[in-house]
Amino acid sequence: MDFNQKCYDLLILIPKGKVTTYKEIARALNSKAYRAVGNAMNKNENAPKVPCHRVVGSNGNLVGYAYGIENKIKLLEKEGVKIINNKIDLKKYFFSFNK
DNA sequence: GGAATGACATTTA
DNA sequence: CTAAATGCCATTC
């Protein structure tokens, strides 16, 4: 299984209305490749299968999105996540894989 | 096999 | 506190 595939697998576990960080994902994989995580999303092989939009920066900042940041914001708000100044309140919506 | 790239994070100014 | 520079991992050219 490739690294990116693992990322996708974890992303599917994220509940609706919650978000996580690239770092958290990397940590869940027992790795520090948060860069690679974002890269995996960029490939977007499993775009419709995986909620890539539920992944944000460490401080809740919306780093980017393959389909456009605007679209990402929209999707998150649809799920009940409030976005302020292109940022998310991690205190409220942060989801930890907590292994 | 080596160099370049990116949806990041952390440290320093 | 905000902005800029540096380091990092895996993938791709």
Side-chain angles (χ1 to χ4, degrees):
Chain A
M1 201 185 253
D2 286 60
F3 188 84
N4 50 19
Q5 193 63 45
K6 288 185 183 181
C7 297
Y8 303 142
D9 195 46
L10 287 174
L11 288 179
I12 296 172
L13 300 179
I14 303 176
K16 184 183 105 172
K18 293 271 185 176
V19 297
T20 188
T21 65
Y22 298 94
K23 180 157 194 195
E24 183 62 26
I25 295 171
R27 205 186 63 179
L29 294 176
N30 203 33
S31 178
K32 309 167 236 49
Y34 23 88
R35 279 275 199 170
V37 175
N39 223 338
M41 303 298 109
N42 186 257
K43 304 292 196 293
N44 226 359
E45 305 175 13
N46 308 36
K49 304 178 185 180
V50 174
C52 326
H53 58 275
R54 291 182 189 153
V55 188
V56 299
S58 59
N59 68 331
N61 193 358
L62 296 180
V63 191
Y65 188 57
Y67 291 85
I69 300 294
E70 297 298 331
N71 201 342
K72 184 171 182 177
I73 295 172
K74 254 163 96 177
L75 286 170
L76 288 172
E77 286 202 338
K78 256 186 208 173
E79 303 195 347
V81 179
K82 278 289 195 180
I83 299 179
I84 303 166
N85 198 359
N86 282 26
K87 285 179 198 156
I88 293 177
D89 192 338
L90 290 178
K91 293 182 179 178
K92 295 180 181 177
Y93 308 108
F94 179 71
F95 171 75
S96 173
F97 293 98
N98 186 10
K99 36 117 181 96

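Below, all heavy atoms of this structure are taken into account, side chains as well, without hydrogens, waters or symmetry copies. Within every chain, numbering begins at 1; the chains are lettered A, B, ... in the order of the sequence lines, protein sequences first and strands thereafter.
A donor-acceptor pair is defined here as one N or O able to donate and one able to accept, closer than 3.5 Å; no such pair exists between the side chain of A/N85 and the backbone of A/K87.
Rounded to an integer number of Å, the gap from A/E24 CD to B/dA9 C1' is 14 Å. The CG atom of A/N42 sits 7 Å away from the C1' atom of B/dG6 (whole-angstrom rounding). Residue A/I69 contributes atom CD1, which lies 9 Å from atom P of B/dA7 at whole-angstrom precision. The interatomic distance linking A/E45 (CD) with B/dG6 (P) rounds to 17 Å, in whole Å. Distance CG (A/N4) to C1' (B/dT5): 16 Å, rounded to an integer number of Å. For the pair A/L11 CG and B/dA7 C1', the interatomic distance rounds to 11 Å; values are reported in whole Å.
On the nucleic acid side, DNA chain C contacts chain A at distances under 4.0 Å to non-hydrogen atoms, with the end points of that region at C/dG7 to C/dT12.
As judged by a 4.0 angstrom heavy-atom cut-off over every strand, A/Y22 is placed among the base-contacting residues. Counting any heavy atom pair closer than 4.0 Å across all strands shown, A/A33 reaches sugar-phosphate atoms only and no base atom.
When each of A/K43 and A/K32 is assigned the nucleotide of DNA chain C bearing its nearest heavy atom, the one mapping closer to the 5' terminus is A/K32.
Every pair tested for ring pair (Phe, Tyr, Trp, His ring centres under 6.0 Å) that includes a residue from residues 17-43 of chain A fails, sequence neighbours excluded, so the list is empty.
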Contact list (N/O, under 3.5 angstrom) for nucleotides 10-13 of chain B vs protein:
{"unit_1": "B/dT10", "atom_1": "OP1", "unit_2": "A/K23", "atom_2": "NZ", "d": "2.9"}

Got a list of protein N/O to nucleotides 2-4 of chain B N/O distances below 3.5 Å?
none

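For the segment residues 74-82 of chain A, no residue has any heavy atom less than 4.0 angstrom from an atom of DNA chain B.
Here A/I83 is tied into one hydrophobic group with A/V19, A/V56, A/L62, A/Y65, A/Y67, A/I69, A/I73, A/L75, A/L76, A/V81, A/I88, A/L90, A/Y93, A/F94, each link being a pair of ILVMFWY side chains closer than 4.5 Å.
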